[in-house]
Student: 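Attaching a single structure in structure tokens format; questions to follow.
Residue numbers start from 1 in every chain, and the chains themselves are labelled A, B, ... in the order their sequence lines are given, proteins ahead of strands.
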Amino acid sequence: MLEFFFLFMIIVAGTGGELCVSRAMKVVGEVHDFRPAALARFVLRAMRVGWMWIGISLMTLAFFSLLAMLSIENVSFVVPVTALSYAAGAIGAMLFLHERISRQRWLGVLVVCVGVTLVWLSRR
Amino acid sequence: MEDSPSLHLKTYILILFMVLFAPLGNVLLSKGMKEVGSANNWELGDLLHILFSVLSSGYIWMGITCLLAFFVAYMLVLTWADYSYVQPASSFSYAVVATLSYFLLGETVPPLRWAGILVICVGVFIVGHTHPRTTEKA
């Protein structure tokens with residue numbers, strides 16, 4: 001039961017964190033200048049966006065959930081199963097960022113879900 | 001993406017770094033967490049003890065270092081290579097993590113899990129071959 005909770009946290013908090021960071025990045029704007037000083041200014045600008053901090057908090061939560069999951073399950077099981085985040089990412093991007101998801105991307109997500117099911121069934 | 005032999009070489013090297021460092025980081029985290037162990041009763045004292053063990057584990061810090069190296073390689077390669085090129089290539093990391101867990105941690109990887117990992121790689125490959133921008137540019 002605990003495995004389900006940690007897996008849920010890895011996928012939902014991890015994907016939620018990435019979506020928040022993505023939203024923050026869209027607020028900050030596209031990077032054109034890759035010189036170190038410009039990148040440092042970019043990071044400072046990103047740190048002033050609230051979504052960035054929510055994203056970092058959620059990703060930290062996902063990281064500690066990953067550690068907890070790795071303490072009870074094999075890494076060859078845990079890492080492939082976290083590929084479910086592709087499905088969570090597509091759904092979250094559609095609902096939260098209002099992105100259009102193509103049929104091909106949904107097909108890819110479906111294939112990932114089939115693969116995750118096979119990995120889950122391999123669990124003893 | 002500009003087409004030149006040196007750019008191709010640079011891209012392949014960084015993708016190789018990504019495909020090795022992310023799985024190696026996860027395998028090291030797994031090794032560290034197997035040593036630390038899981039919580040018995042999930043009480044605050046127990047959790048704090050585990051947190052201390054996690055933060056003082058060499059394997060965990062090596063794992064975090066590898067994941068940071070992966071992240072830097074990922075960010076660098078994305079500055080010139082297309083996301084739709086990088087993401088499918090990095091899908092091999094699912095197979096690499098299973099291979100490393102077999103050789104470094106002695107984990108048993110059943111055939112069904114290999115099959116699942118192969119299907120996941122195909123799925124990620126399909127996702128990666130979709131257009132990276134799904135919204136209209138403002």
Student: Could you tell me which portion of B:L51 (side chain, backbone, both or neither) has an atom closer than 4.5 angstrom to a non-hydrogen atom of chain A?
Tutor: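 Only the side chain of B:L51 comes within 4.5 Å of chain A.
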
Student: Could you walk me through whether B:F125 and A:V111 pass the side chain to side chain contact (heavy atoms under 4.5 Å, CB included) check?
Tutor: CA-CA 10 Å; B:F125 203 81; A:V111 173; over 6 Å; no

Student: What are the two closest non-hydrogen atoms of B:S30 and A:L70, and how far apart are they?
Tutor: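 Nearest pair, atom of B:S30 first, then A:L70: N-CD1, 3.8 Å.
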
Student: Looking at every heavy atom in both B:N26 and A:L66, which two are closest together, and how far apart are they?
Tutor: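 Smallest interatomic distance, heavy atoms only, reads OD1-CD2, 3.9 Å.
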
Student: Quick check on the interface: out of A:S76, A:A90, A:G108, who has the most heavy-atom pairs with chain B under 4.5 Å?
Tutor: A:S76

Student: May I ask you to list the residues in residues 77-84 of chain A that approach chain B closer than 4.5 angstrom, counting heavy atoms only, ordered by number?
Tutor: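 When heavy atoms of chain B are the reference, residues 77-84 of chain A contributes A:F77, A:V79, A:P80, A:A83 within the under-4.5 Å range.
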
Student: For A:L67 versus B:V54, what's the shortest heavy-atom pair and its separation?
Tutor: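 Heavy atoms only, the tightest pair is CD1-CG1, 3.8 Å.
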
Student: According to a hydrophobic-cluster definition based on side-chain heavy atoms being under 4.5 Å apart (Ile, Leu, Val, Met, Phe, Trp, Tyr only), do A:F4 and A:V12 belong together?
Tutor: yes

Student: Quick check: closest heavy atoms across A:V119 and B:I117, and the distance to 0.1 Å?
Tutor: CG2-N, 3.9 Å

Student: Using non-hydrogen atoms only, which part of B:L104 is less than 4.5 Å away from chain A: side chain, backbone, both, or neither?
Tutor: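 Nothing of B:L104, per the 4.5 Å heavy-atom cut-off to chain A.
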
Student: In terms of hydrophobic clusters joined by side-chain contacts under 4.5 Å, are B:M33 and B:Y102 together?
Tutor: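 In one cluster: no.
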
Student: Is it true that, when you exclude A:F63 itself, more than 12 heavy atoms of the residues, nucleotides or ligands shown sit nearer than 6.0 Å to its CZ?
Tutor: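 For A:F63, atom CZ is crowded (more than 12 foreign heavy atoms under 6.0 Å).
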
Student: What part of B:L118 gets within 4.5 angstrom of chain A, counting heavy atoms only: side chain, backbone, both, or neither?
Tutor: neither

Student: Please check: side-chain N/O of B:E107 versus main-chain N/O of A:V75, any donor-acceptor pairing under 3.5 Å?
Tutor: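 A pair under 3.5 Å: yes.
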
Student: Between atom CG of A:N74 and atom OG1 of B:T108, what is the distance when rounded to the nearest 0.5 Å?
Tutor: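 The distance works out to 7.5 Å.
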
Student: What closest approach, in Å, do B:P110 and A:S122 show between heavy atoms, and which atom pair accounts for it?
Tutor: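 The answer is CG-O, 3.8 Å.
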
Student: If hydrophobic clusters are built by linking Ile, Leu, Val, Met, Phe, Trp and Tyr wherever their side-chain heavy atoms come under 4.5 Å apart, do A:Y86 and A:L110 end up in the same one?
Tutor: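 A:Y86 does not cluster with A:L110.
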
Student: Does A:V27 share a hydrophobic cluster with A:L44, counting links as ILVMFWY side-chain heavy atoms below 4.5 Å and allowing steps through other members?
Tutor: no

Student: What part of B:I50 gets within 4.5 angstrom of chain A, counting heavy atoms only: side chain, backbone, both, or neither?
Tutor: neither

Student: Within the 4.5 Å heavy-atom criterion, are A:S71 and B:K34 side-chain neighbours or not?
Tutor: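 Not touching, per the 4.5 Å side-chain cut-off.
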
Student: Can you tell which part of B:V124 gets under 4.5 Å to a heavy atom of chain A, answering side chain, backbone, both or neither?
Tutor: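 For B:V124, heavy atoms of backbone and side chain both lie under 4.5 Å from chain A.
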
Student: With side chain to side chain contact (heavy atoms under 4.5 Å, CB included) as the criterion, how do B:I126 and A:Q104 come out once you've worked through the C-alpha distance, each side chain's angles and the decisive distance to 0.1 Å?
Tutor: CA-CA 7 Å; B:I126 296 171; A:Q104 192 186 340; 3.9 Å; yes

Student: Examine A:L61 and B:L55 and state if one hydrophobic cluster contains both, with Ile, Leu, Val, Met, Phe, Trp and Tyr joined whenever side-chain heavy atoms are less than 4.5 Å apart.
Tutor: yes

